[in-house]
Structures are given as C-alpha cells and as structure tokens.
There are 2 protein chains.
Amino acid sequence: MISLEQQKNPNPEDFPSELEGLRMTKQRREVLAVILAERDHPTANDVFTRAQERMPTISLATVYNCLEALVSHSLVRQVNFERESSRYCPNLSDHCHFQDEKSGKIHDVVFKGGVKLEDLLELPQGTKISHLEISLKGRFGK
Amino acid sequence: MISLEQQKNPNPEDFPSELEGLRMTKQRREVLAVILAERDHPTANDVFTRAQERMPTISLATVYNCLEALVSHSLVRQVNFERESSRYCPNLSDHCHFQDEKSGKIHDVVFKGGVKLEDLLELPQGTKISHLEISLKGRFGK
DNA sequence: GTCGAAATTTGGAATTATTCTAATTCGGAA
DNA sequence: TTCCGAATTAGAATAATTCCAAATTTCGAC
Ligand SMILES: [Mn+2]
Ligand SMILES: [Mn+2]
Ligand SMILES: [Zn+2]
Ligand SMILES: [Zn+2]
C-alpha cells in the first residue's frame, strides 16, 4: 500500500505520473487531490463541484470515471451507507465508518489493536474475503 | 423480538392481525410470507414476482410499501451490498452477510459466541449505535 | 517533431431502483 | 350500513450512475 500524505492543499502536479499502475492524468490528479484535501467523505457530486473550482472544464462523467479508476487501483476507498450515494475516502488504513444521525457526517472508526474481524465470524473453512464493509449509524454520546 | 417460524410454505392467513404494532393487511401478509418461505435474500422485484403467483393483482409499489413497513417494524431486515439493489432477510437474529462472488448468492454469517463488535472499535465514549451493517464478499474455500 | 493507435475525456442520452402522486379501494369502528 | 383514515394502485417522477459516440489527448515508434 502506498502512502500519500494528506495535506491541506495537495498539489495535483506533485503526484507522480503513475500510481499503483494507474496513469495519472490531469483529471485524475485533480480528483485525487480533492479527496485528499479533506477527510469528509464527499460524494461524486461533491468531488465534481470542488474539482470544478480549479478545473472548470471537468465533466461529471469524468469524475465518475476517475473515481472508478482510483478505487479499482486502491488509491481511494468507496464508502456506502444503505442506499445513499457513494462517498469516497482517502484513508487507506484498516477502518470502518460511522455516520452521525444528527449531522449526517461520516467519521472514520479504527479497529482496536490486533483483532481481526474474521476471528468473530463463523465462516466456512477456507473462505476468502475480498471485500469487507462495516457501516455504523448512531449518535455521539452527549 | 418476536419469532416467526420459518416454514416451506408459510400461510399468510396464519399471521395475527397485528405484528409489532403493524396492522397486517392481506398484502403485508403475502410479502412477509414470501420472505419467510426462503432464506435467499430476495430483492424487492423478486418479492414482487413471487407474491404475484398467489396474488396476481399486487403492485410493485405496494411491495415497496410493505417492505418498508415490515423493515421499520423490525419484522424483516434490509440488506445492502455496495450499490446493488436492496435485499430482504427474514433472519432477525444477530448476523451479517457474505456474498459469494461466483454465484452472487448471499449467505447469513453468525458471530462467534459472546463477542461484541463494539469491543473492537475505537468509538468515542457514549456513542449510541442505532444501526450496524457488515457485508463481506469473497469465495468459499474449495 | 510527426503520425497513428490507444486511452481518456466529454456532453448528453439511457438506465433503473426507488419514491412520489393522486385517485381508488379497503377495513374496522360506531 | 356508513364513514373515515389507512392502504393499495398505476403511472409519473426522481436521481445516482452508466453508457455512448464523438472529440481530444497522450504515447510510442519513426
Ligand atoms: Mn468496494
Ligand atoms: Mn436498515
Ligand atoms: Zn474513511
Ligand atoms: Zn440474512
């Protein structure tokens, strides 16, 4: 796994020309920079709006294309809550998501040291897990 | 939590006239019976098709209405995998879902005794979880 | 640098699961 | 039986996402 530092204003031009085997085009750089700039799990449309500020000609279809490329090359994670629109997360470390029902905001939740989820589940011998998603909703304690 | 026996051909007319505070109409009985009849996590459209066999006049809108009523009264669980259409599950006990990538079929996965997910997560003190969904994808071991 | 091929981007149309609307029907209480 | 609120219905609307075909960009070979 690679590590892209998260900074307030990542400069898209600082990304190498290829990441995880994915050619970094101008648009992909911009989309990635937008996602790295904040940890707020934006939707595709949020990303589109923010990308337009620096690249007014980018299209929504391209944002979807870029997101799918970045996700499939493990540069960004896709996050789903029930039937809401997908959100995108720059945190590549092992974590899951909590949505505060009051604000709607999504927060990263990390696992306590050393525990593997697979240890908790009665899975048939030899099962290979390729994808795992844990989503929580609730309220922060007062 | 109530316990509705799962049988090959549940008879909708055997359900009481009210369950968990929800008035059981003819259509709600039929939708519930369809879901109880198999443990295969049907989509709304699957439920619609099956319900039509015994009730040819039922509409898809009604199936959606019934599903939402049953889910909100905790008689049925709604199950989501990424952006796929929602599926419905009659198993009200604590479990999560595994989708076999080969067949697309969804299987219930139970938690090993005594472990609480919250024990694994670094959640802020006092957080109240109102909803939790764990979805796995992968292959069964050969 | 030029050329052609392949990849990417783009605007707009298409898709599709789900929700909404407004009219009709139903069902239980009085 | 009548009445009234709830439920059902058909069909239209919605909206996130995907698809399409044309235009543009990038890349490697020369
Ligand atoms: Mn995924
Ligand atoms: Mn739910
Ligand atoms: Zn995250
Ligand atoms: Zn289930």
B/Gln78 CD to C/dA17 C1', straight-line distance once rounded to whole Å: 12 Å
Contact state string [nucleotides 20-30 of chain C, B base, S sugar-phosphate only, - no protein heavy atom under 4.0 Å]: B------S---
Phosphate-side-chain proximity, B/Tyr64 and C/dT19, N/O vs OP1/OP2 below 4.0 Å: no
Check: A/Leu117 and A/Phe111 side chains under 4.5 Å, non-hydrogen atoms: no
Rounded distance (Å) that lies between atom P of C/dT9 and atom CG of A/Leu67: 11 Å
Toward the 5' end of DNA chain D, by each residue's nearest nucleotide, B/Arg83 or B/Ser59: B/Ser59
Spacing between A/Glu68 atom CD and C/dA7 atom P, to the nearest angstrom: 15 Å
Within 6.0 Å of NZ in A/Lys116, more than 12 heavy atoms from elsewhere: no
side-chain N/O B/Thr43 vs C/dA17 OP1/OP2, d < 4.0 Å: no
A/His73 NE2 - C/dA7 C1' separation (whole Å): 13 Å
Touch class at under 4.0 angstrom, heavy-atom based, for B/Thr62 against every strand present: base
Pair A/Asp108-A/His41, side-chain donor/acceptor within less than 3.5 Å: yes
Pair B/Glu20-B/Ser74, side-chain donor/acceptor within less than 3.5 Å: no
More than 12 heavy atoms from other groups under 6.0 Å of NZ on A/Lys128: no
Between C1' of C/dT18 and CG of B/Asn45, the distance in whole Å: 12 Å
Salt-bridge contact A/Arg83-B/Glu68 (side-chain N to carboxylate O under 4.0 Å): no
A/Glu82 CD - C/dT19 P separation (whole Å): 11 Å
Step-by-step side chain to side chain contact (heavy atoms under 4.5 Å, CB included) determination, A/Arg87 to A/His97: CA-CA 11 Å; A/Arg87 295 167 174 276; A/His97 294 97; over 6 Å; no
Nucleotide interval of DNA chain D bounded by contacts with chain B (heavy-atom cut-off, under 4.0 Å): D/dA6 to D/dT17
Under 3.5 Å side-chain donor-acceptor pair for A/His95 and A/Arg77: yes
Donor + acceptor pair across side chains of A/Thr43, A/Asp46 (<3.5 Å): yes
